[in-house]
Amino acid sequence: MSNLVEEINKRRTFAIISHPDAGKTTLTEKLLLYGGAINLAGSVKGKRTSKHAVSDWMEIEKQRGISVTSSVLQFKYNGYCINILDTPGHQDFSEDTYRTLMAADSAVMVIDGSKGVENQTIKLFKVCVMRHIPIITFINKMDRDSKNPFDLLEDIENVLGIHTCPMNWPIGSGKEFRGVYDRKTKSVLSFTANNGQKEVEKQVTDIHSENLEKLLGPYQYKDLMDDVELLDGAGDDFDLEAVRSGKLTPVFFGSALTNFGVEPFLEEFLNITTPPLPRETISGTVDPFSDDFSAFVFKIQANMNKAHRDRIAFMRICSGKFEKDMEVFHVQGNRKMRLSQPQQIMAQEREVIEEAYAGDIIGVFDPGVFSIGDTICTAKNKAQFKGIPTFAPEHFCRVRQKDTMKRKQFIKGTNQIAQEGAIQIFQEPEAGMEEVIVGVVGVLQFDVLKYRLENEYNVDIIMENLPFQFIRWIINDEIDIKSLNLASDTKIIQDLKGNYLLLFTSEWSISWALEHNKGLELQEFGNN
Ligand code: G4P
C-alpha cells in the first residue's frame, strides 16, 4: 500500500500545447533529455530536413510539419515519473487537444516570444482555459528578437482571459539576450550564445552583486532594474491556489533550442503541480490512491504502425495500480476482460509494461470494443467516469468512394476513423452505406480523412463540400421526423446511433425550424 502511495505521489501528467513552430517539439525533447529518455536531443523535426522528432510519427504530420494527433511520452526525473501528452499544434484539431487535456492534470503552453498569442492558437488555448487545469506558460525563442515581455503578458491576459505571473524575466532578446532574472532567488541566470545548438553555459549572479552591471552593461542593467521595480509593484503575485485552479498562469521565459531556462522551468513546474487529483464519476469521485484500479479511454488510434494494422486505445489511469494480465471490467461493454498487450508508447517505440499507476497513460490493443470516454476498472469498483463531450462540427461534406468495389473498406475506414473521434459521420436517411456525411471542427480534418482512407484503407474518395454550418441534435423522443416543417436549406440526417439531427446553413434557419415546429427541442452537442 505505501508503495502505491509513493508511486502515485511521484506522478505528474501534463499536456503540452502550442501553435505550430513555437517550439513544443524542441522543448519536449529537452525535457526528455533531462530524464535521459533519449540520448540525443538534436533530432528536432523540420520541414526542410528529414529528421523528425520522436513524438511526430504520422506520415501526414511529417509532410505538413504539424502535429495531427497526440502522442504520449514518459520520463523519469529527480525521483518523479513524468507523463507528457503531446497535442496537435493546429486549431483544426482542437477537439483532439481537448480530449487529451481530459487525460492531463496540467498543461504547458509554449509561446513564441517573437509572435505572442497567435490567432490560430487562440481556440486551442481557450480549450485549455476551459478545463480549469493549471496552465504553465513557457515563452520560447528568447534568443531571437522578441516582443516586449510586458506586451506578451498583456496579450495572454487579454486574449486568453487568464492572469499571469512572471516567474523569471528576460534581459534583452535576440542578439542582446543576456539571460533571465529569477524572481524567487533574486538572481540573474546569464546566457552565453554559442551558435545555438548545444546547452549553453550558465552563470548565476545575485541581483545585488557588484558584478552584475559589468556583466550586463550599463543600459541593460538599468532596464533590468527598472523592470524589476515595475514587476514588484505591478502584476499579479504568485498564488499557488490561483495557479492550481487555472486562474493564474506562471510564466517562464527561455530558449528551448539552446536549452536555456529549461531545467529551472522543469524544477519549478514540479513544485507547482500536484500528483494526480481525485476524478469525478457520475456517482461521486474516485480517489487516485484507492486500491481499486480505474481508467478511462481518451484516445483511440488505428494503424499507428502500418506493419501491425492494429488499433490502440489510450487510457488514463485515474486510481490504483494496473498490473499486466489483471482482470478488469469494461463498464460500457458490461463485461470482464483482460487488457491485452498493455504498453507504454514512446512515439513509435512500444514497451510492454508490467505495471502502471494512477497518472500514467497506457495503450492497450483494442479489438474494436472501446469508445472514447469508456471506463475500465476492477470489478468491485464499477465507477463510471463522466463522458468526454464532442464538439459540434462546423464544416460538412458528402463523401463517397470512387470505386464501388471498395465498399467494405470504405465503411470500415470511415467508421474506424470516426470511432477515433478524428471525424464525425452521419447518414442521410434515404442514402446507402456507400456515402456518408462527414462533419469536422476544422477543415484540415478532411485532409486527414482523405489521406488516411487512401493510405490505410486503400480507398479513393470523392468529397463534395456542403454549405451547412450548424448542427443540432433533435432531442424529442417522440416526434414524426417526416412531418417536420423545415426551410428548404435544412437537411435531416442521422448519427451512428440512429439519432436524428438537423443541418442548417444559418442561425436564421435554426430559428425558423423552432418557430414552425412547436415543441421541437434541439441540442448543440451529441452525447458520447
Ligand atoms: P513545434 O513542435 O511547436 O511545431 O516547433 P519545433 O519544436 O519543431 O520548433 C520549430 C522551429 O523553431 C524549429 O526550427 C526549431 O529549431 C526552432 N526553435 C525551437 N525553439 C527555439 C528557440 O528557443 N530558439 C530558436 N532560435 N529557435 C527555436 P526549424 O528551422 O523549423 O527546424 P530545424 O530545421 O531547425 O530542425
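One-based numbering, in listed order, for ligands and for the atoms of each. Since this is a predicted model, take the numbers as computed values, not measurements.
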Exercise. Taking both backbone and side-chain atoms of Thr258, is any N or O found less than 3.5 Å from an N or O belonging to ligand 1?
Worked result: no
For this session: Before signing off on this row, confirm whether Gly23 and ligand 1 have an N or O atom pair separated by under 3.5 Å.
Result: yes
Exercise. For Ala256, is at least one N or O under 3.5 Å away from an N or O on ligand 1?
Worked result: yes
Exercise. With a 4.5 Å limit on heavy-atom distance, are the side chains of Asp360 and Phe322 in contact?
Worked result: no
Exercise. Which ligand 1 atoms are under 4.0 Å away from a heavy-atom of Ser18?
Worked result: 3 (O)
For this session: Enumerate the atoms of ligand 1 whose separation from the nearest heavy atom of Pro20 is less than 4.0 angstrom.
Result: 4 (O)
Side-chain donor-acceptor pairs under 3.5 Å in residues 205-213, sequence neighbours left out?
{"unit_1": "Asp206", "atom_1": "OD2", "unit_2": "His208", "atom_2": "N", "d": "2.8"}
{"unit_1": "Ser209", "atom_1": "OG", "unit_2": "Asn211", "atom_2": "N", "d": "3.0"}

For this session: Return a yes/no value for Leu257: is any of its N or O atoms, backbone included, closer than 3.5 angstrom to an N or O of ligand 1?
Result: yes
Problem set entry | Short side-chain donor-acceptor distance under 3.5 Å, Ser114 and Arg144 | no
For this session: Give a yes/no on ligand 1: does Glu29 have at least one heavy atom closer than 4.0 angstrom to it?
Result: no
For this session: Check ligand 1 against Lys24 and write out every atom of the ligand that is under 4.0 Å from a heavy-atom position of the residue.
Result: 1 (P), 2 (O), 3 (O), 5 (O), 7 (O)
For this session: Determine the interplanar angle of the Phe150 and Trp169 rings, folded into 0 to 90°, and report it as parallel if under 30°, tilted if 30 to 60°, perpendicular if over 60°.
Result: tilted
Exercise. Would you call Asp96-Arg99 a salt bridge at under 4.0 Å N-O?
Worked result: yes
Seminar exercise, completed: Hits for salt bridge (Lys or Arg N to Asp or Glu O under 4.0 Å) against Arg279, two or more places apart or cross-chain, chain-then-number order -> Asp105
For this session: Select one of side chain, backbone, both or neither to describe which atoms of Thr25 lie under 4.0 Å from any atom of ligand 1, heavy atoms only.
Result: both
For this session: With the side chain counted from C-beta on, respond yes when Gln416 and Arg311 share a heavy-atom pair under 4.5 Å apart, and no when they do not.
Result: yes
For this session: Among Phe265, Phe14, Phe252, Phe260, find the residue that satisfies the ring pair (Phe, Tyr, Trp, His ring centres under 6.0 Å) test when tested with Phe138.
Result: Phe265
Exercise. What part of Asp21, side chain, backbone, both or neither, has a heavy atom within less than 4.0 angstrom of ligand 1?
Worked result: both
Problem set entry | Contact atoms of ligand 1, heavy-atom distance to Arg144 under 4.0 Å | 26 (N), 27 (N)
Seminar exercise, completed: Ranking His19, Lys141, Lys30 by closest non-hydrogen atom to atom 11 (C) of ligand 1, top hit is Lys141
For this session: Please work out which of the three classes, parallel, tilted or perpendicular, describes the rings of Phe314 and Phe298, given edges at 30° and 60°.
Result: tilted
Exercise. Numbering the atoms of ligand 1 from 1, which are under 4.0 Å from a heavy atom of Ala22?
Worked result: 3 (O), 5 (O)
